[in-house]
Amino acid sequence: LKCLCGATAFTSSILAINNSAVPCELAIINSLSQSCCSLVRSIAPIVGTSLFAWSLGNGLPFPLDYRLAWITLVSLTALACVLATRIPDSINAPKSQSNDQELFCH
């Protein structure tokens with residue numbers, strides 16, 4: 001289930017990114033998106049484990065107890081779901097390139 005959800009999310013995000021730019025800008029857009037993804041994948045484990053370790057040792061009551069890391073993950077997932085509903089329908093098809101844009105792409 002984890003692999004299926006991960007593959008579906010990755011494929012959906014790549015399709016949305018590719019459909020959001022004109023063809024001559026795809027290389028830049030894809031490289032920026034992969035760089036941002038790599039940055040988040042390198043920072044997230046550090047932040048997540050630090051947050052979990054702090055929540056285990058702080059002695060504070062709910063919601064700052066051992067459940068804080070999970071509450072944070074659920075909150076970020078809910079935020080991502082809400083933001084996903086705000087994506088415009090124009091993202092469902094690739095953008096076409098006009099003649100004016102073609103002059104600036106080369």
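Note that the structure is predicted; figures quoted are calculated from it, not measured. Heavy-atom basis, side chains included; hydrogens, waters and symmetry copies ignored.
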As an exercise, state the distance from CG of Leu64 to CD1 of Ile71, rounded to the nearest 0.5 Å.
8.0 Å
Between Ser50 and Val47, is there a donor-acceptor pair closer than 3.5 Å when you use the side chain of the first and the backbone of the second?
no
Nearest-0.5 Å distance, CG of residue Leu56 to CG of residue Asp65
9.0 Å
I need the Ile14 CD1 to Asn30 CG distance, nearest 0.5 Å.
6.0 Å
The reported gap from OG in Ser20 to CD in Glu25 (rounded to nearest 0.5 angstrom) is 9.5 Å
Quick one: does Trp54's side chain get under 4.5 Å of Thr49's, heavy atoms only?
no
Could you list all the salt bridge (Lys or Arg N to Asp or Glu O under 4.0 Å) pairs where at least one residue sits in residues 32-51, not counting sequence neighbours?
none
Any non-hydrogen side-chain atom of Leu68 less than 4.5 Å from a side-chain atom of Phe52?
no
Return yes if some donor-acceptor pair links the side-chain N/O of Thr11 with the main-chain N/O of Thr8 below 3.5 Å, else return no.
no
Cluster check Leu73, Tyr66: I/L/V/M/F/W/Y, side chain < 4.5 angstrom:
yes
Crowding at CD1, Ile28 (>12 non-hydrogen neighbours, <6.0 Å):
no
Kindly check if the number of other-residue, nucleotide or ligand heavy atoms within 6.0 Å of CH2 (Trp70) is above 12?
no
Given side chain to side chain contact (heavy atoms under 4.5 Å, CB included), test Ile17 with Gln34 step by step and report yes or no.
CA-CA 11 Å; Ile17 289 168; Gln34 290 299 318; over 6 Å; no
Check for me, please, whether Leu32 and Val22 land in the same ILVMFWY cluster - side-chain distances under 4.5 Å, paths through other members count.
no
